[in-house]
Enquirer: 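Quick one: this structure, given as structure tokens, is what I'll be asking you about.
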2 protein chains.
Amino acid sequence: MPNYQQSPDPHDLDNVFQALADPTRRAVMTRLSEGPASVSELAKPFDMALPSFLQHLKVLEESGLVSSKKQGRVRTCEAQFKRLSEAEEWIAHQRAVWEGRLDRLGAYLEALQSTEKE
Amino acid sequence: MPNYQQSPDPHDLDNVFQALADPTRRAVMTRLSEGPASVSELAKPFDMALPSFLQHLKVLEESGLVSSKKQGRVRTCEAQFKRLSEAEEWIAHQRAVWEGRLDRLGAYLEALQSTEKE
DNA sequence: ACAACAATTAGCCAATTGCCTAAGTTTATT
DNA sequence: AATAAACTTAGGCAATTGGCTAATTGTTGT
């Protein structure tokens, strides 16, 4: 049976977290959360030469956080939330394990108190 | 009124995402989710010189994802989930905005269909 | 045809990252 | 007192990152 529900390639997580580790790129994601936009529209808020900004976009696309297509001379970009969700799930999982531990600690402490009462 | 519920400094998010953008450091977080450990205990699974590994730990500590204290010659490390939660919340917020948009799109499409029926 | 627009490519640069080895410091252990 | 253990510091190196300018490509408006 092929593994359709593939867990994310660790390398993908590398790229997603790397992409999010920059305020310019996070701001682009925030903008794109509200809907698609062209490259120059996305670039406008930033005090940066266009080629520099384009590198950020490239990082976002290569991480899978953004997709784009070109029509005529305009490239339109769109957020892709699949990878972002994978990152969120990785974090949630860590916390779940951690909280599982705290729960066991809580149970342990309760058990300890019961023992002390007897 | 002072702003007690400080939203995370963007620079903190930079550091947290940067810290998570490396498989070694994510593996350390996963290990620490299960409980504290010493430096050499953490380093053992990795085929890497100790000073190299220590740099990874330093990145994790400086991002606030890990705290540590030294007793005698042993440094014990512990996961700190505050920063991790901030990162998770940033992602969740983006998705919320995105999904809000999809909801409005859904409402729009419904309204459009009603219009077409009339 | 040609000018303007939107994006892209090429190439340069300084700073940062991620690894290494070698040597040092501070506790234990015998 | 000497050795071993557990880090820690210093310094070197190649690759990557994040910025720039200048020049180019492809598309649209006049």
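Quick note on labels: first sequence line is chain A, next is B, and so on, each numbered from 1.
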Enquirer: Taking 4.0 Å as the cut-off, does a side-chain nitrogen or oxygen of S40(A) come that near to OP1 or OP2 on dC5(C)?
Expert: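 Checking dC5(C) against S40(A), no side-chain N or O comes under 4.0 Å of OP1 or OP2.
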Enquirer: Tell me, do L32(A) and Q94(B) make a side-chain contact under 4.5 Å, heavy atoms counted?
Expert: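 No, their side chains stay 4.5 Å or more apart.
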Enquirer: Give the table of side-chain donor-acceptor pairs shorter than 3.5 Å for residues 76-84 of chain B, with sequence neighbours excluded, one pair per line with atom names and distance.
Expert:
residue	atom	partner	partner atom	Å
Q80(B)	NE2	S67(B)	OG	3.1
K82(B)	NZ	E86(B)	OE2	3.4
R83(B)	NH1	E86(B)	OE1	3.4
R83(B)	NH1	E86(B)	OE2	3.4

Enquirer: To the nearest angstrom, how far is E62(A) atom CD from dT16(D) atom P?
Expert: 13 Å
Enquirer: Select from A21(B) and S38(A) the residue whose nearest nucleotide in DNA chain C is closer to the 5' end of that strand.
Expert: S38(A)
Enquirer: side-chain hydrogen bond (donor to acceptor under 3.5 Å, both in side chains) between Q18(A) and S63(A): does it pass, once the steps are laid out?
Expert: CA-CA 8 Å; Q18(A) 184 64 54; S63(A) 75; over 6 Å; no
Enquirer: NZ of K69(B) versus P of dT26(C): gap in Å, rounded?
Expert: 22 Å
Enquirer: Wobble G-U and Watson-Crick pairs count when both distances are under 3.5 Å; given that, what is the 5' to 3' dot-bracket string of DNA chain C, with | for pairing to other strands?
Expert: ||||||||||||||||||||||||||||||
Enquirer: Write down the distance between CD (Q55(B)) and P (dG12(D)), rounded to a whole number of angstrom.
Expert: 15 Å
Enquirer: Determine whether S52(B) and H56(B) make a side-chain contact, defined as any pair of heavy atoms from C-beta on separated by less than 4.5 Å.
Expert: no
Enquirer: Below 4.5 Å, heavy atoms only, C-beta onward: do L42(A) and R31(A) meet side chain to side chain?
Expert: yes
Enquirer: Closest to the L54(A) side chain: dT8(C), dT8(D), dG18(C)?
Expert: dT8(C)
Enquirer: Nearest-Å distance, CG (L60(B)) to P (dT17(C))?
Expert: 13 Å
Enquirer: Check the distance between dC7(D)'s P and L57(B)'s CG and give it to me in whole angstrom.
Expert: 10 Å
Enquirer: Could you run down nucleotides 25-30 of chain D 5' to 3' and tag each one B, S or - for protein heavy-atom contact under 4.0 Å?
Expert: -BBS--
Enquirer: Rounded to the nearest Å, what distance is computed from the NZ atom of residue K58(B) to the C1' atom of nucleotide dT16(C)?
Expert: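 Going from K58(B) (NZ) to dT16(C) (C1'), I get 12 Å.
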Enquirer: Just the rounded figure in Å: distance from C1' of dA7(C) to NZ of K44(A).
Expert: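 It is 14 Å, rounded to the nearest whole Å.
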Enquirer: In whole angstrom, give the distance that lies between atom CZ of F53(B) and atom P of dC19(C).
Expert: 11 Å
Enquirer: Would you say T30(A) and H93(B) make side-chain contact, with heavy atoms under 4.5 Å?
Expert: no
Enquirer: For dC20(C), does either OP1 or OP2 sit under 4.0 Å from a side-chain N or O belonging to S52(B)?
Expert: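 Yes, within the criterion.
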Enquirer: Give a yes or no on whether the backbone of L20(B) and the side-chain of R25(B) come within a donor-acceptor separation of less than 3.5 Å.
Expert: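 The answer is no, because no donor-acceptor pair under 3.5 Å joins these two groups.
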Enquirer: If you look at every heavy atom in L50(B) and A43(B), which pair is closest and at what distance?
Expert: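 Scanning both residues completely, I find the closest heavy atoms to be CD1-CB, 3.8 Å.
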Enquirer: Which is more 5' along DNA chain D, the nucleotide nearest R75(B) or the one nearest V59(A)? Just name the residue.
Expert: R75(B)
Enquirer: Could you work out which one of dG19(D), dA7(C), dA10(C) sits closest to the side chain of P51(A)?
Expert: dA10(C)
Enquirer: Would you call the rings of F17(A) and W90(A) parallel, tilted or perpendicular, where under 30° means parallel and over 60° means perpendicular?
Expert: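 Perpendicular.
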